[in-house]
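The analysis underlying the following values was restricted to heavy atoms, covering all of them including side chains, and did not include hydrogens, waters or symmetry mates.
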Amino acid sequence: MEKSKENLIQDVVRRSGVNPRKCMKCGKCSGTCPAYDEMEYHPHQFVYMIETGDIEPLLKSKSIYKCLTCFACVDRCPRGVEPAKLIESIRLSVIREQGNNHLTPQMIPELIDEEMPQQALVTAFRKYTK
Amino acid sequence: MKVSYFPGCTLKTKAKDLDEQARACAEILGVTLEEISNWQCCGGAFTTASDEIATKLSSVRALMEANKKGQPLLTVCSACHNVIKQTNVAMKENPDNFAFRANMNLAPDNYNGEAEVIHYLELLRDKVGYDKIKEKVVKPLEGLKVACYYGCLLLRPSKVMAMDDAENPTIMEDLVKALGGEPVYYAYKNECCGGYIALEDAESAMKKSQKISNNAKAQGADVIITACPLCMYNLKKHTKDVPVIYFTELLAKALGIKE
Amino acid sequence: MQRIGVFVCWCGSNIAGTVDVKAVAEALKNEPGVVHSANYQYMCSQAGQELIKDAIKEHKLTGIVVCSCSPRMHEGTFRKTAEAAGLNPYMVEIANIREQCSWIHKDIAEGTEKAIVLGRTAIAKVNLNAPLMAGESPVTKRALVIGGGIAGIQTALDIADAGFEVDIVETKPTIGGKMAQLDKTFPTLDCAACILTPKMVDVAQHEKIKIYSYSEVVDVRGFVGNFEVTIKKRARFVKEDICTGCGLCTEKCPQKKVPNEFNLGMDNRRAIYIPFAQAVPKVATIDPNYCTMLKTGKCGVCAKVCTANAIDYTQKDEFIDQKYGAIVAATGFNPISMEKFDEFAYSQSKDVITSLEFERLMNAAGPTAGKLVRPSDGKHPQKIVFVQCVGSRCAACAEKGKEYCSKICCMYTAKHAMLTRDKYPDTDVTVFYIDVRTPGKNFDEFYRRAAEEYGVHYIKGMVGKISPEGDKLMVRASDLLANKQINMEADLVVLAAAIEPDKSARPLATMLTASMDTNDFFTEAHPKLRPVESPTAGVFLSGCCQGPKDIPETVSQAGAAAAKVIGLLAKDKLKGNPCVAHSDEMMCNGCSSCEKVCPYGAITYEDKEFRGPNRTTLIRRIAKVNEAICQGCGCCTVACPSGAMDLKGFASKQIMAEVDAICK
């Protein structure tokens, strides 16, 4: 593995506090994920691909914006792996790069309706933008 | 009894009724909500990454103020509660890294998560007590079948939130019983409504919300209650036949505040 | 002055790989008292032992130090070697240069240096060793088996068949345990009752076996060969020797709404009951929590209908003291509570059941007479989902699950799936699994038959959520091989709940001073070589109290435990451990500190006359150690404020000499 990729994976893992090696590959995270259908890569794959060093497809995938951070996978994992934290860490690696914000203020008028609470906007900006 | 109160952005705007009902009911139950000064939006989501400091500082500031007054910090909005409580536990469990840096960033202070963070439901259950609420009920709900919706923010991560059993919570059901209603048990009460995904993928939020309301309806619900303005938005938008209301509205009705 | 021989073992490359054994032997030559030093590839081998024997004779050695593996491994071996050469066995010291040195060091220089220090330490001790003679104690030729499941039954039968008396203490009103609740047994599908109940009858009829049912052990005193045990025989309000087990009372009792624990609460029994038809002893028991007569004094129906006059509402708990030479723990297991796993909706739907409940539903003597129906509405289930590993292999949640694999679930789930498809070919059966683990004779073949011949669908992936909707159960799960999330409807869901040791095991272990692991399973004396013995002498282990296991394995272990007990009871005398406490009467001030901390009750006091100054006499109270009871734990030596108490073979000055040698 080339050095920069190795460093990136190390960063992602350290920042998340997740140890992918704890995973016993039972798939309960993906068996419980409410956003499964919207994802190209699923929670157990995030853990497995980070463990095997295959991070590029995850960085490019829209899946990192589909996680709802509902923590169902975190709470129900029998091994305490916490996939959602790993997904968040990968997303941060992407949006912390200059010009990589997933959401910009210009996009907002198109997306909202009358009833939408402020909470939706602040949360989305916190998740998608740096 | 006085508690420090963090209303949050939405309770000052789109969810004003939640704020007003909560304050009014608290007064009847002998609790004054003292809004803390100069609070700032919690950000709506707790960023789990260990190197995220700035995004958590508004919560730390609110916690410091409540701590100075020696009062618990109370929220009504599920999201604010989740963010503030997770921040507080991080301050406590991570003194060298996170708490040290947060203290350095704010006014010289040495706060390490000492404040108590409670949700309004915990105030009702643990500080006021459901027996006392029962006494104050003037218009019992008379067998109204209520599906209590928790979503994710109140319960998870369960080790941090520790409000109730994350897979079979009863804090809202027990409140409904105290108000004379009949709670409806349905498994989707702790499944995610889609949350902020509603902004860019309305269809995804719709699928999730419909699963929840369909499950509640299948189990015979007359009404769905929630504590979160974003859950309210998603569920209301995608639920037919059954009204979705804030839990405070039921409380206010039972206590005789609201028609 | 001692004449000490040092023997450094290579243990092949185990020690020699990271310790320069020749340098160690050379360095230790110069220690005080050492007159001979040697090294050899395998000191424990026949040739190695001969080398030691020859050296003892040739150099007139008075003590030896063997630098080798842990004393737990070969201390006994080398003591015998020394004894054969005419040396007192307690003049042997082991320096553990394997587990505590070579195995944990990588650098040869470091390993060698440490090995020399450890050798020097043992030499310092041997210099102060004195020959010790072990005392003898008699053996009570009677065994106690705690727990009357298949493990306890088999152990008791094997001991009794060898001609020794055995008592079984069982907390339930009948023996039989979990196996009595099972329907069929894997992998041969014999009916559990058909193979178990004859054994239960054998127990009842065996002249050497006595059953204390509805009883528990409340106190254990003494030591190997000489245990004294108090058994509490709970009042069952029925005279056991008179009751004929006719069952009339259990039909006439008006209190009908008592959850039947034998059927896991899926139906009701009366307040007076016999757990099941083949119960042993077949006598009725009154449940005091539900009996109207016992609670209010108004009823007495059972006494009226009993033709044998066996009912006695005034019966009290009885305490029985009995002596035993050996004790076998066979306390068994229970499925864990599903309360904390409500993502599977166990508390929300009657149609989500555990595997043990499924056994009862399939059992001809069960609540449905063997008809598989949904507990909620009595309808025949068309789609059945089995979920494996619920609470097993669960490292994240110590407060609700278990980190270990429960071992039996893969096989009984295959059995359940197969039996369902066999009896009800119209049902659709799906098993969600993480791994299918089938190491056992004919086990994998059995599982494959379920999949291949009976058409059971096996899906690799865990279930994440079960939600009752109307009269259906929605199952959300992973299909890892298809990389899909599955959402399927089911009529019945069966959870393979993890198993845990019975709750009575922990207090029992405390009474027996037997050690346990963090999961409350009893610990073996050696995980491979002494698997049925507890490290506490005279205490043996049988069945699931030692770890999860299936019936064939339990029966094998039960027999092995019996063999160990028979070996012990066959002896007339036991050689004790001479490394016991001893009180210096000149220093003892009779303060009772030692007596208070002694876990074995080995210390008593006596008044002794001493000569005082100027021809006076004075009487002082001093401590006496009963060497037959003392186990040499050393608690008293630490508690003694005057330094009068010391441990033979581990005297304070010996220990201090060792510390000095390390610090030199």
Checklist entry - Which pair of non-hydrogen atoms, one from C:S478 and one from A:G31, has the smallest distance, and what is that distance? => result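 Nearest heavy atoms, C:S478 then A:G31: OG-N, 3.2 Å.
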Go through it in stages, so that I can follow the logic: the residues are A:K25 and C:I434, the test is side-chain contact (heavy atoms from CB on, under 4.5 Å), and I'd like the CA-CA distance, side-chain angles, deciding distance and then a yes or no. CA-CA 7 Å; A:K25 293 148 182 89; C:I434 304 174; over 6 Å; no
[X] [atom1] to [Y] [atom2] distance, which is reported to the nearest 0.5 Å:
X: A:H42; Y: C:N483; atom1: NE2; atom2: CG; result: 5.5 Å
X: A:Y36; Y: C:K484; atom1: OH; atom2: NZ; result: 9.0 Å
X: C:Q485; Y: A:D37; atom1: CD; atom2: CG; result: 6.0 Å
X: A:C26; Y: C:L480; atom1: SG; atom2: CG; result: 8.0 Å

Members of residues 442-474 of chain C whose heavy atoms come closer than 4.5 Å to chain A:
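C:K460, C:G461, C:M462, C:V463, C:G464, C:K465, listed by number.
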> Using non-hydrogen atoms and a limit below 4.5 Å, what part of residues 338-350 of chain C faces chain A?
Replying inline: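 Within residues 338-350 of chain C, the residues that come under 4.5 Å of chain A (heavy atoms only) are C:E343, C:F344.
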Using a 6.0 Å cut-off, check whether atom [atom1] of [X] has over 12 heavy atoms from anything other than its own residue.
X: A:K62; atom1: NZ; value: no
X: A:E115; atom1: CD; value: no
X: A:R96; atom1: CZ; value: yes
X: A:E110; atom1: CD; value: no
X: A:Y48; atom1: OH; value: no

Q.
Using a 4.5 angstrom heavy-atom cutoff, name the option from C:G391, C:C394, C:G401 with the most pairs to chain A.
A.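 Looking at each of C:G391, C:C394, C:G401 in turn, C:C394 comes out on top.
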Please identify, among A:G80, A:C73, A:P78, the residue contributing the most non-hydrogen atom pairs under 4.5 Å to chain C.
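Winner by heavy-atom pair count: A:P78.
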The interface call for C:N487 against chain A, heavy-atom contacts under 4.5 Å, is neither
